[in-house]
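Scroll down for the structure; my scribbles are underneath it.
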Amino acid sequence: MKRQIPLIIVITLGFMFVAHSFIPHTISQDFLTWFQDWMKAISPFAVVLGIMSLFMVHGKKISYKAPNWQYSIVTLAGLIFTALTGFIWGTQAGTPYMWIFKNIQMPMSSTMFALLAFYIASAAYKAFRARSPEATVLLVAAIIVMLGQVPLGTMISKWIPISSKWILNVPNLASKRAIMIGVGLGMTATSLKILLGIERTYLGGGD
Amino acid sequence: MKLNLGKISSLMLLAVFCFVLLPINSNAAVNPNDYIIEELQAKDVPNDDGGGLVLSWKPLPKEKRIIEYRVYRGVTADSLFYIGKVDVNVRTGVAGNEVFFYDTSYNSFLSLESPAKLKKEKQQEKDSPLYGTFPRDLSITGPQLKNFNILAVINEDAFYFKNKKVEITNDDGGTDVYAGLELRHFFGLYKKLLADKEYYYTVFAVTESRKYMPYAEPVIGIARENSPEKIDKFFATYVNDANRLQFEWSRAAFADDNTDHSIYLIKKNDLAKFETYVAEQKQLEKNMLDRMTDKTVAEFVPTIKENPAKLIFKRYCGYPYNPVNTASVNIEDGKIVGENIDAQIDVENIENYGFVFSLQDRAGYETFSAIAYSDIISLSDLPSLPEYWEINDRPDDKGDYNRIYWEKPVAFLTNTSFLNEDKTEIMVNYDFFSNSKYKNIKTIYFDLYDEDGNKLDSVNEYYQDKKLVFNLPEPKEKLFMKITIRTKVDDDENYTFDQELVFDEQSKSLMPGELMLDGEKLNDYAYSIYKNNFSSQEWRLSKKMMGSQREFFDNISYNMPHYKGVSKFDAEKGLLYVDPSFSIRMNADKSASVSSNLYQSEMDKAVEKYSKEVANYTEKIATAETEAEKAGFQSAMDYYQGQIDIIKNNEILKKAAEFDNDKARVKFLKKVKEIGNRAFEYKMVRSDGKAHFSESSTYSSEMATKLPYTEEIRAFYPGLGTTYFFPIPNWFSSDKLPALIATLIFGLLVFIMIFQAKRGKNLYVRPIAGIEEIDNAIGRATEMGKPILFVPGLSGISDVATLAGLSILGRVAKKAAEYDTRILVPVRDFIVLPIAQEIVKEAHFEAGRPDTHDKNSVFFITTSQFAFVAGVNGVMVREKTATNFYMGMFWAEALIMTENGSATGAIQIAGTDAVTQIPFFITTCDYTLIGEELYAASAYLAKEPLQIGTLKAVDYTKFLILAFIVVGSILSTVHATFLINAFPEK
Amino acid sequence: MNGKIIAFFDKMQKLDRRYIYLMVALSIIIPLVIPFNSPTFTSETTENIYRKIDSFAGDPTKAVLLSFSHDASTMPELFPMEVSVLRHCFERNVRIFTICWSPAAAPLMEHAINTAKENYDVTSGVDYVNFGYKPNSLFLPIVLGMGEDISEAIDTDSQGRKIKNLDIMKEIKNYDDMNLVIDFSGGGAALSWVTYARAKFGVNVAAGITAVMVADYYPYLQTGQLIGMFRGLKGAAEYEKMVDVFASYETDEYPNGRPFSKEVIKNVKVPITKSTIIYIEDGVEFDTGIPLNYKYKVARIGMNAQSVAHIMIIVFIILGNIGFFLTRKKDNL
């Protein structure tokens, strides 16, 4: 029963949504709106679960004094403190909450993103070696595309941006489309498996 | 860095110092009184209906770091309520010397989003008169209703079916019946200021650190009813061979209280008199306003009482839509034709006449435009109307659009650029507008000519990519393009446009000139589409469009709220009282509205009441002293008699009266009303904006095939389906037919393959290294005694990739449980969290190792993309995971995770359908499942016939798609586009 | 000598990744601190957005919707795009709506508008409206609802005002009028607009995305489902230049900027080291006297850093490959 009821819900709603995508009628559209209203109601519960999980994981670490348990204090304190500032002073411009957002959250997020530059550089350095003819093609293409992205490329020759565009538009797109078609079918197949109850792992457990 | 308690506490202290002290510190030691705003004034808004005030004050200097100004209003100085704010950019302050706040037109008064309780404004003195916004508590807000003009917008079904009948004794001792509704039944209550009433306003500043400063001394504002604005454009034309005058004018910006559009005729020798009249009327208005504030001002008496100009046209415009802004007036034997019009014109000497347009408002004010003199043209100078146009229900929609399309497609050049230094190779961009009838354009020919008419080059655009390349023998300053469109339906070889390309010094390129069709500049004349339904008296503008446009979808919303005034309430029951009557449609000749009531008993009472009024006026007519008085009483009596006739004789109301319960009756009326409101008739005006226009007659066609509701209800609406068009909801979207067929084929293949697999047929599947390595990777972690990390992607549960990732998680977790290896699953989406937890738990149970399950092994980190990555990296480094799985959807953060994982020396297996991230995974991970392999993984691991069968079906479908791609490419190359056209285009 | 070279390349082969990190850091920081002039070549994908917006100039029945689907992390790339699009619209009197779908984007949106409007006399509710933050779960209902009636779908703006009553909405009803949506994101958000708004209502959709995501969007650009695209910081730099050259241009003939021309943008240079907008064409300088604030050239300064970093990486790759061949030769010997 524990498995069957969710399965019935999934299968019924699944087929209803399949039907919905072919039916433009207002009854079908209203059904979607109504359903989305309920979806909204689910999210807040899930937030509570998320925060509980966070507290449980870190709380356990602190109470058992697991290695690096001090970091957990920082995490929890940060969470509580930020939430409190929001609750007490509101989230409008000029409040401590916004101050935290602007001066802590924003720069930290940017920093993490900026790491990409370093990682891409080192990944490129590792990957682009003319080990084989295929790898050589990859290497040459990479250099052309990279040069096409900066003014220097255009200054060297006007053919560099044109070739770069060609590489992106023709070979790159061809392979990309092939993968996308495969992905599309894979998604459809997975969805169908779920709809037909063949795939049930997402309900918990293997089979 | 190893942390200890000492370091932690100092860190925390630092944090507290930063968080709390910094923002507050920046505003220490200020004198609040320096922050009181000055020069606060509340002035009447000109040209309005007496419902608008504009507040202005001097902004504080930007050094004071103001973030917003908050505005409060009340009807007494001792309680002022928050009504809005003006945001200010802290760094730059306000440009200019004044800040404005408009308290005009209907704006939010009360809704479900209003606070529950009235609150005193914070950070103000104890005895401050400032409060927050009006609360939902009717004992406080209810008494305020009478201080404003309130408009309630009510949910249609709530009005019909959720109302409570309420009887209230009125001043005459009788009972009035109202429909009582709760606040949740309203979309909202909107307020407008009452004219000539005193309102108090005050404003205070809020600083960057959100400190509320003291408020300014409240000021009084009184909104006054004003005459309408003067429109800026008015044109007149005399069409000599039709003996007709044509007029066109610009629409007023503020038209809320306008009631009539009028046009007058003035002889040139009356001009001076007319100007005096206009000036005196203005003076009279000013005098009346002055006398309102100061009783000692002497009354102004105009010398000219009657307008010396002759009325030749008048039309009602007091409805909340854009009214028609053109008018045609016919002349017969030197007399202007029109109801209640009595004017002569000598068309031979039309230059002796001037024309003036006026706007009238509800208060009776009239504002005249500048005088226009007509130019004389003939019918051939007027723009041509479409020979072909069609209106019907738009297919494949939910029933909220009619479509209107006309004429053949239009193609035109938009831009050019040179492709080489010699300027002999040019790229020309073009665009085209088509419509439902000519959906598939066969081809467009572009022929390029030089100034001498020599053909230089031509292009056959059978696939319209909106780009053309031409080669010229030498650079040219001027070129001509001939554009011929060939369509699949009634193809015409000679349907050709002309457009010039002229070199422009400024842009240094060839710029496209006017688009010409049959010698007419296509874009000189715009199309205005007007519509009208059974419920309104006059036409309204639906859309004005460029002359090159060929199709328009007219939106007809399902949402038909009821608009009502509200002044009575019951605070205890939480009810607001509204008038229970509602109009259904106009009567056949559109002279009066057919109205009903939520309660049938009230209909009977109304007849009684109207009969009394008729008797009352009959008496008054008999005793009237002057003719004018008599006429007034007569028209009042006619009105009441008309209402009685409608209630007694109107077919709809008669049918409604047959119902014995109100609910069924209202249900019936709702359906009838829907047709009255949502069926529209259309007409089209093509104009250059200067009174050179042609107007079509109302469109009519054969009876439509699909009509709403039953024959019984439709019978109330003659013309429905022929002149009035009602949008019909559809049950199948025909453009999704290919998708449906493909889905069915795919589904069928799945069943066939599963069937074959079940019968034991050996279905070959290609081995995938990444999947085969999963077991080894888990084994490796077991050997090393280190945990496994599994990231099920960053997207939510609605993403199929996440579901695929979770399927794999189930299998990996089971294996890990069997090997007794710890698995760590950080989650970004909190809906995925409980699902992942359940999966891992079940996996342990299935492996027979419930004891080793740690429910904290699946944990939430954060929803922030990069913070999540930081968290995952932290887990990798601290826990020294031996094997990392990344299965699901990843974005830009992917590389940061995997590069770190590779640095820690873990074995990494990734699988994603995010095409862009695949290269990063391939470089940094040991094995990568590319695209669909992620979806196939679950089937591989399960090795069940059901799963393998589906996998096989995917392969065959892919083969089918491939076949279509190849055949489609070949067909398109030989200009056979039927296959491409069989698929939806967007 | 030869041995020394081989030893060097041998070392290069085993180079600790941290040296690469250091070089990348330097090649980014130095150009940022010391700006220099480098040419900006515009590409069609960006020009298309510019031209589309430009075609709305001064038209009260047309508007552009900017959808902010990103948080602070991708701000360095996306923020200059947003500011230049806003600046373009303010210069050319094009009506703008802004909306975002996550609470973290709301302050960024606010910040972008404030940054751009500082130098223009524009009013909220008349020239632009900030729809504010709408929960992501409402994405679909809002996107589809705007196809019928924007003021119904959005209801209130960021200040809680009823959209319906605002001046800007007078002649704007649905996607027929608000015919361009530009989504700024570091992910796939713009594709949702293509799937729903474009497929159903035929809206023009453009994307402002981080360079990492560019390859993902190419298929949609080729099919015309996206009318244009900002390709990361480069796109922002191109747009900045176009606004400088066309929208900021002021003469008696063109008081509110001149129309776009490929021929002009190809040949004009706008030096970023100057404090005013100066056009250099065929060596002739023309100083417009219009201040060129830092915020309006930040993408071009950033592009300098990107150029240097690109070249640096290319050099590393080439060095790495030479080393690879040399060592392979040595091994083969």
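We name chains A, B, ... by the order of the sequence lines, and we start the count at 1 in each one. Computed from a predicted structure; not experimentally measured.
Looking at B/F866, only its side chain comes within 4.5 Å of chain C, counting heavy atoms on both sides. At a 4.5 Å heavy-atom cutoff, C/D121 makes no contact with chain B through either its backbone or its side chain. For C/E44, the part lying under 4.5 angstrom from a heavy atom of chain B is the side chain only. Of the two parts of B/A903, the backbone and the side chain both hold a non-hydrogen atom closer than 4.5 Å to a non-hydrogen atom of chain C. Residue contact with chain B, scored on non-hydrogen atoms closer than 4.5 Å, involves the side chain of C/D71 exclusively. With a 4.5 Å cut-off on non-hydrogen atoms, B/N107 touches chain C through its backbone and its side chain both. Heavy-atom distances place the backbone of B/F553, and not its side chain, under 4.5 Å from chain C. Proximity to chain B is absent for every atom of C/F246, based on heavy atoms less than 4.5 angstrom apart. With a 4.5 angstrom heavy-atom cutoff, B/F100 does not touch chain C via any of its atoms. Heavy-atom distances place no part of B/Q549 under 4.5 Å from chain C, backbone and side chain included. When heavy atoms are compared at a cutoff of 4.5 Å, B/D735 does not approach chain C at all. At a 4.5 Å heavy-atom cutoff, C/E171 makes no contact with chain B through either its backbone or its side chain. In this structure, the portion of B/N429 lying under 4.5 Å from any heavy atom of chain C is its side chain and not its backbone.
Using modelled atom types, no side-chain atom of C/K262 and backbone atom of B/N415 make a donor-acceptor pair closer than 3.5 Å. A donor-acceptor pair under 3.5 Å is absent between the side-chain atoms of C/K173 and the main chain of B/N555, judged by distance alone.
Across C/V214, C/N114, C/T74, the residue that shares the most heavy-atom pairs under 4.5 angstrom with chain B is C/N114. When C/E152, C/K117, C/E253, C/R258 are compared by the number of non-hydrogen pairs under 4.5 Å with chain B, C/E152 comes out ahead.
The closest side-chain heavy-atom distance from C/T61 to B/K544 is not below 4.5 Å. Using a 4.5 Å heavy-atom cutoff, the side chains of B/F187 and C/D155 are not in contact. With contacts defined as side-chain heavy-atom distances shorter than 4.5 Å, the pair C/E281/B/K508 qualifies. The side-chain heavy atoms of C/D177 and B/K543, taken from C-beta on, include a pair separated by under 4.5 Å. For the pair B/Q506/C/Y249, a side-chain contact is recorded, criterion being any heavy-atom separation below 4.5 Å from C-beta on. Between C/D149 and B/S557 there is no side-chain heavy-atom pair separated by less than 4.5 Å. Within the 4.5 Å cutoff, the side chain of C/E263 has no heavy atoms near those of the B/S507 side chain.
Using a 4.0 Å cut-off between charged side-chain N and carboxylate O, B/K398 and C/E148 make a salt bridge.
To the nearest 0.5 Å, the span separating OG1 on B/T916 from OH on C/Y218 amounts to 12.5 Å. Taken to the nearest 0.5 Å, the OG1 atom of B/T863 stands 11.0 Å off from the CG atom of C/N136. With rounding to the nearest 0.5 Å, the separation of OH in B/Y106 from NZ in C/K164 is 14.0 Å.
Atom CG of B/D465 is surrounded by more than 12 heavy atoms from other residues, nucleotides or ligands within 6.0 Å. More than 12 heavy atoms of other residues, nucleotides or ligands shown are found within 6.0 angstrom of CZ on B/F433.
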